[in-house]
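Here's the structure we're looking at; comments come further down.
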Amino acid sequence: MRIQRFINSVFESNSYVVFHESDAILVDAGDFEPIYKFLKDNWLRLKAVLITHTHYDHIYGIQKLMTCYPEVPVITSDFGKQAFYKSSWNFSRYHNDPIEIDSPMIRAVSDGDSLDLLDDLKVRVISTPGHDKSCQCYMVDNKFFTGDSYIPGVKLITSFPNSDKLLAKTSLDKIKGLIVPGMLICPGHGMPVPAK
């Protein structure tokens with residue numbers, strides 16, 4: 001399994017293409033064009049889009065992606081599914097780029113779910129509300145995609161309308177309890193960091 005990181009133009013958020021042989025999943029949907037070009041240039045079949053949380057800087061490419069890949073499921077939490085069609089919840093309203101999508105291809109998953117998306121590699125879902133109610137992390141093999149729930153060396157922000165400081169602390173403890181040496185932590189901003 002390999003990953004390709006993309007640094008997006010909005011707040012330098014990260015998107016990641018995770019690929020194994022000819023299949024790929026995308027973690028967070030930022031700048032559409034470089035992601036689309038990478039998938040096409042490498043003959044990769046997009047199997048799913050995993051959303052770590054529904055803040056604008058992690059989803060602003062989703063409408064173009066869903067147009068180009070109408071059969072590809074977009075995986076999020078229950079709250080995330082609601083936030084996709086409320087531009088005030090996903091903050092797209094404040095970027096003059098309203099995202100209000102109500103589609104059966106946006107699918108909610110729950111803590112502990114295991115998704116079969118890349119051949120023998122399972123995606124484990126970890127619910128981590130706090131930074132936002134929609135937050136969840138994904139573990140694929142030894143890669144841990146933590147979104148903004150855990151950015152190594154950065155204080156967790158809990159000042160947004162749907163943030164919760166107590167839940168964030170619980171989620172952070174949960175994440176840190178899952179990290180093992182040799183794991184690659186892939187946050188929503190900044191460089192991936194090998195766990196020690």
Side-chain angles (χ1 to χ4, degrees), residues 1-8 11-20 24-30 47-59 62 73-84 89-90 106-118 121-158 160 162-196:
M1 181 189 81
R2 299 167 63 193
I3 65 169
Q4 177 67 42
R5 173 182 172 230
F6 295 86
I7 303 171
N8 298 308
F11 303 147
E12 296 187 337
S13 66
N14 290 329
S15 292
Y16 300 92
V17 172
V18 183
F19 55 106
H20 180 65
I25 54 177
L26 175 65
V27 179
D28 287 340
K47 306 289 279 189
V49 181
L50 309 178
I51 301 297
T52 61
H53 63 298
T54 48
H55 284 174
Y56 178 75
D57 55 324
H58 295 266
I59 65 166
I62 199 66
V74 176
I75 308 298
T76 186
S77 63
D78 281 326
F79 186 86
K81 185 171 181 176
Q82 296 172 58
F84 263 111
W89 286 13
N90 62 48
I106 297 178
R107 299 181 181 160
V109 294
S110 301
D111 187 51
D113 283 355
S114 181
L115 312 174
D116 292 313
L117 299 173
L118 292 176
L121 296 173
K122 294 197 182 294
V123 176
R124 180 178 170 196
V125 178
I126 300 110
S127 178
T128 56
H131 174 71
D132 186 69
K133 286 182 184 177
S134 66
C135 286
Q136 52 193 21
C137 300
Y138 303 96
M139 200 175 291
V140 187
D141 195 25
N142 67 338
K143 311 293 189 289
F144 198 1
F145 299 92
T146 58
D148 290 4
S149 294
Y150 176 53
I151 302 172
V154 176
K155 186 178 181 201
L156 183 60
I157 297 172
T158 56
F160 294 106
N162 288 308
S163 296
D164 185 307
K165 191 175 282 191
L166 291 176
L167 276 177
K169 169 80 169 74
T170 301
S171 292
L172 191 55
D173 290 343
K174 181 180 184 180
I175 290 167
K176 288 183 175 180
L178 292 169
I179 294 172
V180 296
M183 183 177 277
L184 185 66
I185 300 161
C186 302
H189 300 264
M191 290 286 295
V193 177
K196 297 178 182 175

Item to check | Audit row: His58, Asn14, side chain to side chain donor-acceptor pair (under 3.5 Å) steps and yes/no | outcome: CA-CA 8 Å; His58 295 266; Asn14 290 329; over 6 Å; no

Item to check | Stepwise side chain to side chain contact (heavy atoms under 4.5 Å, CB included) test for Trp89 and Gln82 | outcome: CA-CA 9 Å; Trp89 286 13; Gln82 296 172 58; 3.7 Å; yes

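Using modelled atom types and a 3.5 Å distance limit, the side chains of Ser15 and Asp28 yield no donor-acceptor pair. Side-chain contact check for Asp141 and His20: no donor-acceptor pair (N or O, by modelled atom type) lies under 3.5 Å. Neither side chain, Thr128 nor Ser171, offers a donor N or O lying under 3.5 Å from an acceptor on the other.
Remark: the backbone N or O of Ser110 is paired with a side-chain donor or acceptor of Asp113 at under 3.5 angstrom. A distance-only check finds a donor-acceptor pair linking the side chain of Asp164 to the backbone of Leu167 [under 3.5 Å]. Panel note: side chain Ser77, backbone Ser134; a donor-acceptor pair is recorded below 3.5 Å. Proximity of a side-chain donor or acceptor of His131 to a complementary backbone N or O of Ile157 within less than 3.5 Å is detected. Put simply, the side chain of Tyr138 gets close to the backbone of Ile51: a donor and an acceptor are under 3.5 Å apart. In terms of modelled atom types and a separation under 3.5 Å, the side chain of Gln136 and the main chain of Thr76 share a donor-acceptor contact. The closest donor-acceptor contact from the side chain of Asn90 to the backbone of Ala83 lies under 3.5 Å. Between the Thr146 side chain and the Ser149 main chain, no donor and acceptor come within less than 3.5 Å of each other. In terms of modelled atom types and a separation under 3.5 Å, the side chain of Asp111 and the main chain of Ser127 share a donor-acceptor contact.
Between Phe84 and Ile59, some side-chain heavy-atom pair lies under the 4.5 Å cut-off. Put simply, the side chain of Ile151 does not reach to within 4.5 Å of the side chain of Ile185, judged on heavy atoms.
Considering CG of Leu26 and CZ of Phe6, their distance stands at 8.0 Å, rounded to 0.5 Å. Between the CZ atom in Phe160 and the NZ atom in Lys133 there is a gap of 15.0 Å [rounded to 0.5 Å]. A distance of 5.0 Å separates NZ in Lys176 from OH in Tyr150, rounded to the nearest 0.5 Å. Atom CZ of Phe145 is separated from atom CD1 of Ile126 by 11.0 Å, given to the nearest 0.5 angstrom. The CZ atom of Arg2 lies 4.0 Å from the CZ atom of Phe19; values are rounded to the nearest 0.5 Å. Distance check, rounded to the nearest 0.5 Å: CG of Leu184 to CE of Met191 gives 9.0 Å.
The one candidate from Asp57, Ile7, Thr52 that meets the side chain to side chain contact (heavy atoms under 4.5 Å, CB included) condition with Ser13 is Asp57.
Other residues, nucleotides and ligands contribute over 12 non-hydrogen atoms within 6.0 Å of the NZ atom of Lys81.
Counting all heavy atoms, side chain and backbone alike, Gly190 lies closest to Arg5 at O-NH2, 3.3 Å. Scanning all heavy atoms of the two residues, the minimum distance from Thr158 to Gly130 falls at CG2-O, 4.2 Å.
A salt bridge links Asp116 with Lys122; the closest basic N to acidic carboxylate O contact falls under 4.0 Å.
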